[in-house]
Amino acid sequence: MTKTIFVINGPNLNALGKREPGIYGAKTLADIETDCREAARRLGYEIEFRQSNHEGDLVDWLHEAGDKAVGVALNPGAYGHTSIALHDAIRAIGVPVVELHLSNIHARESFRHTTRIAPVATGVICGFGPSSYTLAITALAELAS
Ligand code: CA2
């Protein structure tokens with residue numbers, strides 16, 4: 001049985017730790033990847049960790065995860081507020097997807113309050129900084145057990 005959780009990151013998350021630490025924290029995406037691998041290892045899972053600034057890459061990786069993973073932790077970045085393509089990709093795959101955000105998108109600008117992912121996600125975690133990632137991994141591991 002596959003024991004892999006995909007962690008997929010959208011646009012601008014490669015810039016974490018370099019700008020706006022007041023909103024997103026001081027950790028880089030590489031730091032968060034290390035946290036994810038450690039959390040998954042403790043739960044008996046492996047992590048496939050990816051980031052792209054390109055919507056089509058994210059769609060392709062969701063399809064790939066549908067074949068290879070027990071679930072997906074997805075920080076869609078700003079595409080989460082706009083992308084019907086990501087919405088449709090999640091509908092097209094048969095594994096659970098947890099939408100996550102570092103920041104509490106509901107406490108920010110109104111254009112961040114809408115998510116096209118939440119209606120097709122298994123659940124949503126936001127506002128816990130880098131812990132949003134490890135909480136999502138814990139939830140996916142519980143769903144898969
Ligand atoms: O809170 C989150 O995790 C977000 O997905 C982060 C996105 C934002 O568009 C979403 O509304 C919420 C932004 C990704 C990182 O953008 C940066 C901007 C400036 C400096 C560093 C990163």
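Along the sequence shown, residues carry numbers from 1. For ligands, and for the atoms within them, numbers begin at 1 and follow the listed sequence.
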Counting distance only, does the side-chain N/O of Asn9 pair as donor-acceptor with the main-chain N or O of Ser52 below 3.5 Å?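 No; zero donor-acceptor contacts below 3.5 Å.
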Smallest separation among heavy atoms of Ala136 and Val98, with atom names: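 Scanning both residues completely, I find the closest heavy atoms to be CB-CG1, 3.7 Å.
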With a 4.5 Å heavy-atom cut-off, do Glu48 and Val7 have their side chains touching?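 No, side chains not in contact.
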Flag the pair Leu16 / Leu102 as yes when at least one side-chain heavy-atom distance between them is below 4.5 Å, and no otherwise.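 Sidechains of Leu102 and Leu16: in contact.
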Mind jotting down which protein residues get a heavy-atom contact under 4.0 Å with ligand 1? Chain and number order, please.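 Lining ligand 1: Pro11, Asn12, Leu13, Ala15, Arg19, Glu20, Tyr24, Asn75, Gly77, Ala78, His81, His101, Leu102, Ser103, Ile105, Arg112.
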Return the orientation label for the His113 and His106 ring planes: parallel under 30°, perpendicular over 60°, tilted otherwise.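 Tilted: the ring planes of His113 and His106 meet at 30° to 60°.
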Exceeds 12 heavy-atom contacts within 6.0 angstrom, atom CD1 of Ile23: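 Above 12, so yes.
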